[in-house]
Amino acid sequence: MASTSVIGTYYPVQSFVHKIDARIKILLIVFSTVVLFLTDNFFAFLYLFLFYLVVFFLSNLPASWIYKAMRPVFTILFIAFFFQILFTPGADIYVKWSIFTISKQGIILGLTVVIRILLLVGFASILSYTSTPIELTDAIESLLSPLKILRLPVSEFALVMTIALRFVPQILTEAQDLVKAQKARGATLEHRNIFKRGKALLPLFIPLFVSTYRNAEDLGKAMESRAYHGGKGRTHYKERKLMNRDYLVFAGTTVILVIALLIP
Amino acid sequence: MLIKLENANLKYMEGTPFEAVAIEDVSFELRKGEAIGIIGPTGSGKSSLGQVLTALIQPDAGILTIDDKKVGAELQTGNVYKHVSFLFQKPEAQLFEANVFDEVAFGPRNLGLTEAKVEDSVKEALAIVDLDFKAYSRRSPFNLSGGEMRRVGIASVLALKSKAFVMDEPTAGLDAQSRRRIISFLKSLKGKDTSLVLISHDIDEVLEVCDSLIVLNEGRIVLKTAVKDVLKHASFMKGLGLNLPENYALASKLIDCGWAIKSLTKDSLMQALEKRMSG
């Protein structure tokens, strides 16, 4: 299989989760984030993980995409875990060397951070797999619309979000092509020495920045040539209305999330 | 055999709703000094095949052999560039060095050549793409025009002086003069025992440069033919939206009438017509 990157990708199938209004999904993601940071109970994490699995399978997504969604954060998690373990002071110390201490509390905190981030990425990936960029933009614009009273450019902000989402797969594809193009000229992009590795990535990053800025400039010109003048006075082709199903999902999920906080 | 690919299959995004077959059961052979053209409609798998042939993409199934060495076992994929070079579409997008000299010298330096040999390679490669060494070598590639950047990108691959080049649309977007230069360089490769795989939308260009051609459709090879026999397949190719240039039919008829025309290309036809008119 030639390409496996799925970040920012919408998965076009019919499912119960796909049908739920994106505004509800965004609000529930915010709630689940709050709950994940309010609890440090491992039973609550297990409960939330089981809930995540239920939502994932209700989304009619292939099981392999659970791993694909979480894979990009593995390096960050690895670093975060070791920093927590090595620098967290605790009462039950297993190993102490110079400024480093490995304690029971450090290990627990490290695991808590890893589980929190994995679940966060998991829930957020369901949002992006089951909502099209247009649905997400409309949802963000709708949720932020009270800020229009303060004359904040809500429509423009929503548009910026959509464009960012829209460009993620394109930039990844360009990066993959650039890696191949530079390898075809004998570039070695992987070095054991961190300084050499940094220098070796220049043939990748410089052209990627150049093309990203060029694409942004072209897109700006193309939008201006099609008379884009900001969000003022713009209407929507399709007005999205919340349905009974959306209210029920919102209420049900909120209850499920609150129960996670009550687990002793 | 310089490049040999056996029964290769490649799918993109397998197991997702975006799954797409890039190439299916493709076998391919390229000998020393041979020039093969790959043509086909958009999305037929031409570029994917080119990247598989240079080990830039690993196929899901199939065996690639380069210089009689099995890629992945006897020849590491990271060393394939020492035998076969791939020129990407829009090579101007890969530029990153501070000046044109360093950009073109990037490949030869990676080959471990001495600075004197690197300079020779750079001079030779810039001459092929019609860029004056003195005028351009110290200029930033990012301050050049789009066409000049393209030519620097092409030169940066030509400077590798490989045994074989796989080129994906090398002349697309170039002005007529630069295009002619690149084509005459490609034709000159035969005399140097350098092999070529030319991927192009321009059938005329492929027929002018190559000995034989392969037509891809929906990832499969649907036609393999020598260039001299291409007229026999004109209607089949037309069915795929690949119309042969009209000068081919005209040149063929004139040859049948006894005209001395070397090949079916536009240039040969023009030369024969000029000779007749002046004589």
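A, B, ... follow the sequence lines: proteins, then strands. Residue 1 opens every chain. The shown structure was predicted, so the numbers you read here are calculated from the model rather than taken from an experiment. What you see below is based on every heavy atom in this structure, not just the backbone, and it leaves out hydrogens, waters and symmetry mates.
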Visitor: What pair of heavy atoms forms the shortest contact from B/F106 to A/P203, and how long is it?
Guide: CZ-CG, 4.1 Å
Visitor: Which heavy atom in A/R185 sits nearest to a heavy atom in B/N110, and how many Å separate them?
Guide: O-ND2, 3.0 Å
Visitor: Contact part of B/F86 toward chain A, heavy-atom cut-off under 4.5 Å: side chain, backbone, both or neither?
Guide: both
Visitor: Is it the case that atom CZ in A/F78 sees more than 12 heavy atoms from other parts of the structure closer than 6.0 Å?
Guide: no
Visitor: What residue, out of A/D177, A/V179, A/L208, A/V13, has the most heavy-atom pairs lying under 4.5 Å from chain B?
Guide: A/D177
Visitor: Hey, is CZ on A/F81 packed in by over 12 heavy atoms from elsewhere, all under 6.0 Å?
Guide: yes
Visitor: For the CG atom on A/N244, are there more than 12 heavy atoms of other groups (residues, nucleotides or ligands in this structure) within a distance under 6.0 Å?
Guide: no
Visitor: Should the pair B/K90-A/E174 be classified as a salt bridge under the 4.0 Å nitrogen-to-oxygen rule?
Guide: no
Visitor: Counting only heavy atoms closer than 4.5 Å, note whether B/L160 contacts chain A via side chain, backbone, both or neither.
Guide: side chain
Visitor: Step by step, would you call B/T77 with A/K183 a side-chain contact (heavy atoms from CB on, under 4.5 Å)?
Guide: CA-CA 10 Å; B/T77 50; A/K183 278 187 175 173; over 6 Å; no
Visitor: So for atom CD1, which belongs to A/I163, do other residues, nucleotides or ligands contribute more than 12 heavy atoms lying within a distance under 6.0 Å?
Guide: yes
Visitor: Check this for me: B/E218, atom CD, are more than 12 non-hydrogen atoms of other residues, nucleotides or ligands nearer than 6.0 Å?
Guide: no
Visitor: So, for A/K180 and B/F88, which heavy atoms are closest and what is the spacing to 0.1 Å?
Guide: CB-CZ, 3.5 Å
Visitor: Do other residues, nucleotides or ligands put more than 12 heavy atoms under 6.0 Å from B/E115 CD?
Guide: yes
Visitor: Hey, is CZ on A/R245 packed in by over 12 heavy atoms from elsewhere, all under 6.0 Å?
Guide: yes
Visitor: If we ignore hydrogens and angles and just use 3.5 Å, is the side chain of B/Q94 paired with the main-chain N or O of A/P207 as donor and acceptor?
Guide: no
Visitor: For A/M223, look at atom CE and say whether over 12 heavy atoms of other residues, nucleotides or ligands are found less than 6.0 Å away.
Guide: yes
Visitor: Check whether B/E92 gets within reach of chain A through its side chain, its backbone, both or neither, counting any heavy atom under 4.5 Å.
Guide: neither
Visitor: Of the backbone (N, CA, C, O) and the side chain (C-beta and beyond), which part of B/E103 lies under 4.5 Å from a heavy atom of chain A, both, or neither?
Guide: both
Visitor: Among B/S156, B/G153, B/G78, which has the most heavy-atom pairs under 4.5 Å with chain A?
Guide: B/S156
Visitor: Could you tell me which non-hydrogen atom of A/I206 sits nearest to which non-hydrogen atom of B/F142, and how far apart they are?
Guide: CG2-CZ, 3.9 Å
